[in-house]
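Here is the structure we will look at, set down as structure tokens.
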Amino acid sequence: MEGIDDTSGSDRAERHSARRTARLAAVQALYQIEIGGESVELVLREFPERLIPNMFDESGGSEIDRDFFASLVCGVAEKRAEIDQIVAKAMMRDLAIERLEPLLKVVMRAGAYELMARSDVPARVALAEHVSICHAFFGERETGLVNGVLDRIARMLRPDEMEAKADDAAPAA
């Protein structure tokens, strides 16, 4: 039947976990590219195998959605100039993306790319996931900055989706 989601709750949870792992790995890979100058090809070839087994407990605690990982890394690398323009438009006037700490910069780029190019991911999910990643590495000030910038980007790039959710939450008149 059309329109019926036949995936079980545990399948959806596993997919969500695999994508969450892919996002975290992509941010770390993009950081490695940013500060170390490694090529995207090298990172795609070596990064997941080198990092993922060590990210979690000895049992290999999480799977990674390798296609999603590659999509994020390649997408951010290919569209970096466009992404930086979008981020710059969403930032406060006294801030410049070039002046941000490299890890903070790649978190914003990855989140912006996902909002820009991955319409299969709901805007609020992309926003929440990248804010969560930022929170794992930074304090409230930086996390608030990422939240504000990505929220503005989501409203610029996906206004109908963001408005629809706000309307759903509004009390009935």
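The analysis underlying the following values was restricted to heavy atoms, covering all of them including side chains, and did not include hydrogens, waters or symmetry mates.
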To the nearest 0.5 Å, how far apart are CG in Asp84 and CG in Leu100?
9.5 Å
Look at Asp65 together with Arg23 and state whether they make a salt bridge at an N to O cut-off of under 4.0 Å.
no
Taking atom NZ as the centre, does Lys105 end up with more than 12 heavy-atom neighbours from other residues, nucleotides or ligands that are less than 6.0 angstrom away?
yes
Measuring only between side-chain heavy atoms, which start at C-beta, is Arg15 closer than 4.5 Å to Phe68?
no
How close do Met156 and Pro159 get, heavy atom to heavy atom, and via which atoms?
O-CD, 3.7 Å
Distance from Arg152 atom CZ to Leu115 atom CG, nearest 0.5 Å?
13.0 Å
Heavy-atom donor-acceptor pair, Arg124 side chain to Met162 backbone, under 3.5 Å:
yes
Residues Val87 and Ala112: closest non-hydrogen pair is CG2-CB, 3.9 Å
Backbone N/O of Ala123 and side chain of Glu161: donor-acceptor pair under 3.5 Å:
yes
For Ile35 and Pro102, work out which heavy atoms get closest and say how close.
CG2-CB, 3.8 Å
Does a side-chain N-to-carboxylate-O contact under 4.0 Å join Glu163 and Arg155?
no
Please tell me if the side chains of Phe138 and Leu103 come closer than 4.5 Å, counting only heavy atoms from C-beta onward.
yes
Glu34 vs Arg109, side chain to side chain contact (heavy atoms under 4.5 Å, CB included): CA-CA, chis, key distance, verdict:
CA-CA 11 Å; Glu34 180 79 15; Arg109 283 179 181 147; 2.7 Å; yes
Could you walk me through whether Tyr113 and Arg80 pass the side chain to side chain contact (heavy atoms under 4.5 Å, CB included) test, one step at a time?
CA-CA 9 Å; Tyr113 173 77; Arg80 182 176 162 177; over 6 Å; no
Report the distance from atom CD of Glu142 to atom CE of Met108, rounding to the nearest 0.5 Å.
9.5 Å
How long is the span from the CG atom in Leu127 to the CZ atom in Arg158, to the nearest 0.5 Å?
10.5 Å
Side chains of Val149 and Val146 in contact at under 4.5 Å (non-hydrogen atoms):
no
Measuring only between side-chain heavy atoms, which start at C-beta, is Val107 closer than 4.5 Å to Val131?
no
Show the nearest heavy-atom pair for residues Cys74 and Leu44, with the distance to one decimal.
SG-CD1, 3.3 Å
Leu30 versus Val43: any side-chain heavy-atom pair under 4.5 Å?
no
Leu72 vs Val27 side-chain heavy atoms within contact, under 4.5 Å
no
If you look at every heavy atom in Ala29 and Val73, which pair is closest and at what distance?
CB-CG2, 4.1 Å
Got a second to check how far Ile97's CD1 is from Leu104's CG, nearest 0.5 Å?
9.0 Å
Does Thr21 use its side chain to pair, donor to acceptor, with the backbone of Ser17 at less than 3.5 Å?
yes
OG of Ser119 to CG of Leu157: how many Å apart, nearest 0.5 Å?
11.5 Å
Side chain to side chain contact (heavy atoms under 4.5 Å, CB included) evaluation trace for Phe69 with Leu24:
CA-CA 9 Å; Phe69 167 79; Leu24 178 58; over 6 Å; no
Quick check: does any side chain N or O of Thr143 sit under 3.5 Å from a backbone N or O of Gly139, one acting as donor and the other as acceptor?
yes
Is the shortest distance from a Lys or Arg side-chain nitrogen in Arg19 or Glu14 to a carboxylate oxygen in the other one below 4.0 Å?
no
